[in-house]
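Read the structure below first, then the notes.
Chain identifiers are assigned alphabetically (A, B, ...) following the order of the sequence lines, protein sequences preceding nucleic acid strands; residue numbering begins at 1 within each chain.
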Amino acid sequence: MGVQEQYPFDVEAIRDDFPILERLVGGDPTSPGQDEGDDVDLVYLDNAATSHTPDPVVDAISDYYRSYNSNVHRGIHQLSQEASVAYEEAHDVVADFIGANGREEVIFTKNTTEAMNLVAYAWGLAELGPGDNVVLTQMEHHASLVTWQQIGKKTGAEVRFIEVTDDGRLDMADAEAKIDGDTEMVSAVHVSNTLGTVNPIRELAELVHDHDGLIFADAAQSVPNRPVDVEDLGVDFLAFSGHKMCGPTGIGALYGRRELLESMEPYLYGGEMIRKVTFEESTWEDLPWKFEAGTPSIAQGIGLAAAIEYLEDVGMERIEEHENLLAEYAYDRLSDLGGVEIYGPPGDERGGLVAFNVEGVHAHDLSSVLNDYGVAIRAGDHCTQPLHDELGVAASVRASFYLYNTVEEVDALVDAVREARDLFA
Amino acid sequence: MGTGSDMYRQQILDHYKNPRNYGELEDPDFTHVGENPSCGDTIKVDVSLDDDGETIEAVAFTGDGCAISMASASMLSERLRGMTVEELDAFDTDDVTEMLGVDISPMRIKCAVLGRQVAQDGAKIHRGELDPDADRTRTEE
């Protein structure tokens, strides 16, 4: 006991907002909805993949559909006005949350991946060519890695990777060597979804700005669980996904510096993003709508704003503190277990996730056994295949925590890992 | 609860820890490699045929992967001996799960059928029905 006393907020009160945490699992997965066999408490530790949605967010989405569902920006009628105002104001909420300079700098996308592709196509195809380079890290998620790799092939730009040290940190000496006068873009993951490493984005930003290049921060694993301010980080672009931060799926956001977004051509063409159209020519709507073609994800955008308000009520510093507490506790307990290899840097300078392998047990076997104990974790390569190649493993399992997780749930994880280890011994 | 997953009954664990026919055949009639990229499972299967060119005389496999894929390949190596190539062709997913004797969750079926798929594709390549370079065996959507 004792660790619970360090909780920075009332975790039980938070859990009351998430009815899904009360459900039992263990039933036949081929017959969802059947209760027969459901007999263990769900221990949900797959938050880096997607988080759960609290009642106030579900209510905000439900309220939109029940009382003012309408398309935005085109109707003069009252419902359309209400929907337009709510959808536009959701951009303001995001802008305030990440320290952007107004809604013009916030584009709603489907997710982080789409935000990355938007910049890679709208900026990258126009600006990159042979002789240029784009610098990534070896710990990039495929969202960034595959996108820039393919844009590199289309444009002839070289794609470089900053190496990872043996203790799972970014090799900043290598960063200084690889970022040079031909570097047009650094695309770096803020918090690694596999190693949990918190990367020095600000230092990378200063490095690349000294060479007149730009920086894109993949903040999918940082915006949900710590204070993130685009001015403090010094980034030109930043992206994150709503469904990893108590919001719905189908919504994410791209931050871009206003003058960059103004200079970029649209990524998708169509309705909602135009000002004047003739059979021959079209002109574009102002920011951010220039980049939001077609009917957007209205309910999801409103849901994202509700999620941000929910998280801000708890406090981002306190959420970060809670995740650190659980991650450190899990790291220590798994280390003590024996036969467990944990990836990424130890200590409190990590995101709230722990990826590991148990000696002699394949990650998918481990995940299957853990599932029998109700423990939901991710098994596989976590969309970082090249990083797993560097680690010398095909796959790993990953436990990731969020504001509603408890010390008891970490204990349940550790107990289940011990059972699995003994089963295969 | 208590003893872990129903998927890991004693027979599966036994075949995983002590795989049968693990290794290579000296002069196989056909040999093939396949993978399950999402798991990182890789299996190579060697098959020798009787003089009739139809009956499977010996099977050996090597590989690296999860307990389900390895145990399934091990059991298959025993099961196939004495069967005809035609019977191998007809060995479907239900036959694999029946052979394993446990319920395989939908997310893990691709692990269970990898060895079977590699053996079947190897036979097809042997008959000239598959291009060994273009048609690498993968049990993944």
*Show your reasoning for whether side chain to side chain donor-acceptor pair (under 3.5 Å) applies to N405(A) and Y44(A).*
CA-CA 8 Å; N405(A) 286 125; Y44(A) 187 81; over 6 Å; no
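- Judged as a side-chain contact (heavy atoms from CB on, under 4.5 Å), and not counting sequence neighbours, the contacts of T249(A) are H243(A).
- Among residues two or more places apart in sequence or in another chain, the side chain to side chain donor-acceptor pair (under 3.5 Å) test is passed with R15(A) by E409(A).
- The pair K44(B)-E24(B) meets the salt-bridge criterion, with a side-chain N (NZ, NE, NH1 or NH2) lying under 4.0 Å from an Asp/Glu carboxylate O.
- Salt bridge status for R108(B) with D103(B): absent, with no side-chain N to carboxylate O gap under 4.0 Å.
- Interface with chain B: from residues 388-396 of chain A, residues A394(A), A395(A) qualify, criterion being any non-hydrogen pair under 4.5 Å.
- Although no hydrogens or angles enter the test, the distance criterion places a donor-acceptor pair under 3.5 Å between the side chain of T112(A) and the main chain of S241(A).
- Classification of R333(A) and D336(A) as a salt-bridged pair fails, no side-chain N sitting under 4.0 Å from a carboxylate O.
- Proximity to chain A at a heavy-atom threshold of 4.5 Å picks out G65(B), C66(B), A67(B), I68(B) from residues 55-72 of chain B, in numerical order.
- The existence of a salt bridge linking R20(B) and D14(B) is confirmed by a sub-4.0 Å separation between a basic side-chain nitrogen and an acidic carboxylate oxygen.
- D415(A) and Y373(A) are not linked by any side-chain donor-acceptor pair at a separation below 3.5 angstrom, with hydrogens and angles left out of the test.
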